Number of protein chains: 2
Amino acid sequence: MDDFRWLTPDQLQAWKKLVAVVELLPGVLDSQLQRDAELTHFEYFTLAMLSEAPEHTLRMTALAAITNATLPRLSHVATRLEKRGYIQRSPCPDDRRATNATLTPQGWDKVVATAPGHVTTVVDNVIDPLNARDIADLDRIMTKLLVPLDPENKFGSRDRP
Amino acid sequence: MDDFRWLTPDQLQAWKKLVAVVELLPGVLDSQLQRDAELTHFEYFTLAMLSEAPEHTLRMTALAAITNATLPRLSHVATRLEKRGYIQRSPCPDDRRATNATLTPQGWDKVVATAPGHVTTVVDNVIDPLNARDIADLDRIMTKLLVPLDPENKFGSRDRP
DNA sequence: GCTCTTTAGTTGTAGCGTCAATAGTTAATG
DNA sequence: CATTAACTATTGACGCTACAACTAAAGAGC
């Protein structure tokens with residue numbers, strides 16, 4: 001690490017800043033949501049993805065995919081969200097191995113009540129500091145990064161909405 | 001979340017991709033380091049920052065700053081790293097409240113041995129997918145994001161190296 | 001039809017991070 | 001000076017995630 005530079009100075013600098021953002025951003029999102037809604041960002045994002053799904057329902061595997069989560073992680077979170085009455089799980093009729101997760105009316109209300117504060121946090125911390133060109137560049141760069149991070153596009157992160 | 005768009009489609013898309021990267025990148029870094037060196041990325045980064053410091057020594061607060069960590073987090077990590085013989089803590093002579101963390105020779109060896117594999121992972125997942133313009137854009141955008149994420153520049157993330 | 005493999009999901013455990021509380025030290029105020 | 005406030009660091013408890021092991025059902029090969 002002393003006299004041999006593995007990354008160029010420009011690369012190293014950009015990398016360190018990316019690391020800083022990756023370390024700091026989750027904390028900012030989590031603490032606002034924890035304070036205002038007693039939800040982690042991942043819990044909120046899970047509810048939000050269900051709220052955008054047809055019939056507010058997705059199979060666990062599909063939900064894990066669009067939330068970029070492993071199945072065990074989602075399963076634990078689903079247990080907690082179900083206990084709190086925000087979602088309900090039911091066996092899938094088509095495939096008896098599968099489970100459907102459905103947003104309950106209370107879950108919908110929770111998303112509706114929580115969204116404004118969360119979006120404000122996102123706007124303040126991510127959208128407002130950037131102009132239109134920055135947003136376009138950010139999108140382009142993140143798309144490129146997701147190729148190796150998610151090689152099979154398993155999580156569908158690179159799809160258009 | 002249905003008929004009222006809080007973010008424009010472009011903003012929403014860029015935001016979702018940033019979230020995906022923030023969720024996926026730590027796992028990729030952690031699993032390589034865990035597999036090859038039994039180190040978390042944060043542990044490695046902590047050792048690396050010490051390896052670049054004068055006399056391989058930093059005060060806990062300063063170390064927490066450049067690693068973007070809270071003090072309790074660093075304190076726990078320091079306990080583990082000290083037990084494994086990679087760092088040593090000693091009271092600071094100048095300020096009896098303060099503690100200095102110093103990289104041990106074994107800690108230095110660990111960094112030297114671990115760096116190549118880690119850098120390869122970074123290159124494969126972050127540097128190679130991007131061209132020079134992307135790197136410059138990434139640096140510019142991350143710098144802007146760090147303003148609200150780290151308002152007082154407490155962590156020094158925006159400083160030149 | 002019967003194995004063998006793959007897929008879907010859950011559960012338990014161990015490890016890491018956050019938060020609140022604490023102790024000890026220094027600086028600021030009157 | 002004496003008192004209060006602010007800073008530095010650690011600790012313990014609790015919650016969340018990763019990993020491995022496991023159950024159960026669907027598909028593949030013969």
Side-chain angles (χ1 to χ4, degrees), chain A residues 22-35 37-46 57-84 87-102 152 154, chain B residues 22-35 37-46 57-84 87-102 152 154:
Chain A
V22 166
E23 291 283 346
L24 294 172
L25 186 53
V28 170
L29 302 176
D30 278 332
S31 54
Q32 181 267 321
L33 285 166
Q34 199 65 52
R35 172 167 48 81
E38 292 179 347
L39 243 39
T40 65
H41 175 251
F42 181 75
E43 287 169 342
Y44 170 79
F45 196 67
T46 301
T57 299
L58 283 173
R59 282 169 60 156
M60 291 293 283
T61 300
L63 186 53
I66 59 178
T67 55
N68 311 300
T70 60
L71 211 35
R73 179 184 184 185
L74 177 63
S75 188
H76 281 130
V77 169
T79 302
R80 298 198 294 269
L81 291 176
E82 196 168 30
K83 271 181 189 151
R84 295 217 252 161
I87 72 169
Q88 190 176 7
R89 278 180 291 191
S90 52
C92 176
D94 304 343
D95 186 338
R96 280 187 298 179
R97 295 171 299 180
T99 302
N100 282 326
T102 306
E152 312 303 324
K154 192 179 84 176
Chain B
V22 166
E23 291 282 345
L24 294 172
L25 186 52
V28 170
L29 301 177
D30 278 332
S31 52
Q32 180 268 321
L33 284 167
Q34 199 65 51
R35 172 167 47 82
E38 293 180 344
L39 243 40
T40 65
H41 176 251
F42 181 75
E43 287 169 342
Y44 170 79
F45 197 66
T46 302
T57 299
L58 284 172
R59 282 168 58 156
M60 291 294 284
T61 301
L63 186 53
I66 59 178
T67 55
N68 310 299
T70 60
L71 211 34
R73 180 183 184 186
L74 178 63
S75 189
H76 282 132
V77 170
T79 302
R80 298 196 294 268
L81 291 176
E82 196 167 31
K83 272 180 189 154
R84 294 167 71 180
I87 71 168
Q88 189 175 9
R89 281 180 289 191
S90 53
C92 176
D94 303 343
D95 185 339
R96 278 187 301 178
R97 295 171 298 181
T99 302
N100 283 326
T102 305
E152 312 304 324
K154 193 179 84 177

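Below, chains carry the letters A, B, ... as their sequence lines are ordered, and counting in each starts from 1. None of these values were measured; they are calculated from a predicted model.
- Between dA26(D), dT11(D), dC16(D), one nucleotide has an atom nearer to the side chain of Glu43(A) than all others, and that is dC16(D).
- Rounded to an integer number of Å, the gap from CZ of Arg96(B) to C1' of dC7(D) is 15 Å.
- Regarding Leu58(A), its CG atom lies at a distance of 15 Å from the C1' atom of dA8(C), rounded to whole Å.
- Checked against dT8(D), dA13(D), dA8(C), the side chain of His76(B) finds its nearest nucleotide in dA13(D).
- At whole-Å resolution of the value, CZ in Phe42(A) and P in dC16(D) are 12 Å apart.
- Residue Arg35(A) contributes atom CZ, which lies 12 Å from atom P of dA20(C) at whole-angstrom precision.
- Between Ala98(A) and Glu23(A), the residue anchored closer to the 5' end of DNA chain C is Ala98(A), taking for each the nucleotide with the nearest heavy atom.
- In this entry the distance linking CG of Leu71(B) with P of dA23(C) reads 18 Å, nearest Å.
- Across dT10(D), dT11(C), dC16(C), the shortest atom-to-atom separation from the side chain of Ser75(A) is found for dT11(C).
- Closest approach to the Asp95(A) side chain among dA18(D), dT10(C), dA26(D) is made by dA26(D) (side chain taken as heavy atoms from C-beta onward).
- The listed nucleotides are dA18(D), dC16(D), dT11(C); the one nearest the side chain of Thr70(A) is dA18(D).
- Side chains of Asn100(A) and Arg89(A) form no contact here, defined as non-hydrogen atoms less than 4.5 Å apart.
- Rounded to whole angstrom, the span from the CZ atom of Arg97(B) across to the C1' atom of dA5(D) amounts to 12 Å.
- Comparing atom distances between the Pro72(A) side chain and each of dT10(C), dT8(D), dT17(D) picks out dT10(C) as nearest.
- Taking atom CD on Gln34(B) and atom P on dT17(D), their separation rounds to 17 Å, with Å as the unit.
- Nearer the 5' end of DNA chain D, as judged by each residue's closest nucleotide, is the contact made by Thr40(A), out of Thr40(A) and Ser31(B).
- Evaluated for a side chain to side chain contact (heavy atoms under 4.5 Å, CB included) with Tyr44(B), the options Leu33(B), Asp30(B), Leu29(B) yield exactly one hit, Leu33(B).
- At a threshold of 4.5 Å between non-hydrogen side-chain atoms, the residues Val22(A) and His41(B) do not count as touching.
- For the OP1/OP2 pair of dC16(D) and a distance below 4.0 Å, the side-chain nitrogens and oxygens of Arg80(A) include at least one atom meeting the criterion.
- Within 6.0 Å of atom CD in Gln34(A), more than 12 heavy atoms from other residues, nucleotides or ligands are found, so the atom counts as buried in its surroundings.
- Residue Arg89(A) is in sugar-phosphate contact alone, with no base atom involved, counting any heavy-atom pair closer than 4.0 Å across all strands shown.
- The shortest distance between side-chain heavy atoms of Phe45(A) and Glu23(B) does not fall below 4.5 Å.
- In the set dA8(C), dT10(D), dT11(C), dT10(D) carries the atom at the smallest distance from any side-chain atom of Thr99(B).
- Atom CG of Leu39(A) is separated from atom P of dC16(D) by 10 Å (rounded to the nearest Å).
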